[in-house]
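This report refers to the structure that appears directly beneath it.
Whatever order the structure lists ligands and atoms in, that order sets their numbers, starting from 1.
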Amino acid sequence: MIVHRSIAAWSAAKRSLVGTSLGFVPTMGHLHAGHAALLARARQECGTTLLSIFVNPTQFDDPTDLERYPRTLEADLAIARSAGIDHVLLPTTAELYPDAYTYKVQESAVSTVLCGASRPGHFDGVLTVVMKLLQIAQIGVDPAQQRLYMGEKDHQQLTLVRGMVEAFFLPWTVIGCPTVRETDGLAMSSRNSRLTAEQRRLAPQLVRALRESPDAATARTTLEAAGFRIDYLEDRALGTSHAAASRRYIAAFLGETRLIDNVALD
Ligand code: PAF
């Protein structure tokens, strides 16, 4: 595994990769089993794999949240190594934002609801950094040979990235991978490590209520009674395609920790 601590180092290495297939997994680090599943799938389906680790400041609407985001580089590299990843890119903020974030990618429909409504500017930051990372990662022009792996846990993010790739004719295939869950159903997330023992015990009720309630209003009542503070809980079909299926989306707080999840509705 080669660790590139600058974009220039990766750019030099990628010259020899032209003609192979590339599987790319962008992350903000603090990797868990959900990320490991993305890495394993990329490994299985592509000739070469690239993981990026970058805590993107422009997608944090709350500076305290950015500060508290766990940085666990050595553990992350160990996970990448055991997943058989070929290349790891660790760009710096100065390198990725030479424009000091004066240029942005903005979407004006899907990004305004759910997490977009409660976290102003969040998806501008996500789309901008993913656009930059895709330009940097790119080794060729064939979408079948450049595959981007992202999790369905962040389904709104996945929908927006898919839309951006289509809107700007980016030569990438976006692969959405199923949410990886703990045995009690809680979706794997970097934020789970912030839960107290009592909050961790309550947390699986979130997905249970999404799955078992006949409607969003009932799920809300159940979760509020259990001690969750609901940010949003909505049934929606996201995206511009008429084929977009309905899902139930939630963001809810347990104490200071904000958890998100979603499930497909039949
Ligand atoms: O899902 C994440 O970890 C981040 O939003 C991403 C896609 C790596 C962009 O910073």
Do [X] and [Y] get their side chains close enough for a donor-acceptor pair, meaning under 3.5 Å?
X: T48; Y: D86; value: no
X: Y101; Y: D124; value: no
X: Y232; Y: S118; value: no

Geometric cation-pi criterion R41 and Y149, 6.0 Å radius, 45° cone: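 No; the conditions do not both hold, so R41 does not lie above the ring face of Y149.
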The single option from K153, R181, R211 passing salt bridge (Lys or Arg N to Asp or Glu O under 4.0 Å) against D261: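 Result for salt bridge (Lys or Arg N to Asp or Glu O under 4.0 Å) with D261: R181.
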Which ligand 1 atoms, with their elements, are less than 4.0 angstrom from a heavy-atom of [X]?
X: P26; result: 8 (C)
X: V129; result: 9 (C), 10 (O)
X: M150; result: 7 (C)

Structural part of T27 in contact with ligand 1, heavy atom criterion under 4.0 angstrom: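 Backbone only.
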Shortest reach to atom 6 (C) of ligand 1 by a heavy atom, considering only K153, H122, Q59: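 Looking at heavy atoms only, the winner is Q59.
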Heavy atom of the protein closest to atom 5 (O) of ligand 1 (residue, atom name, distance):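 Of the protein heavy atoms, Q157 OE1, 2.7 Å lies nearest.
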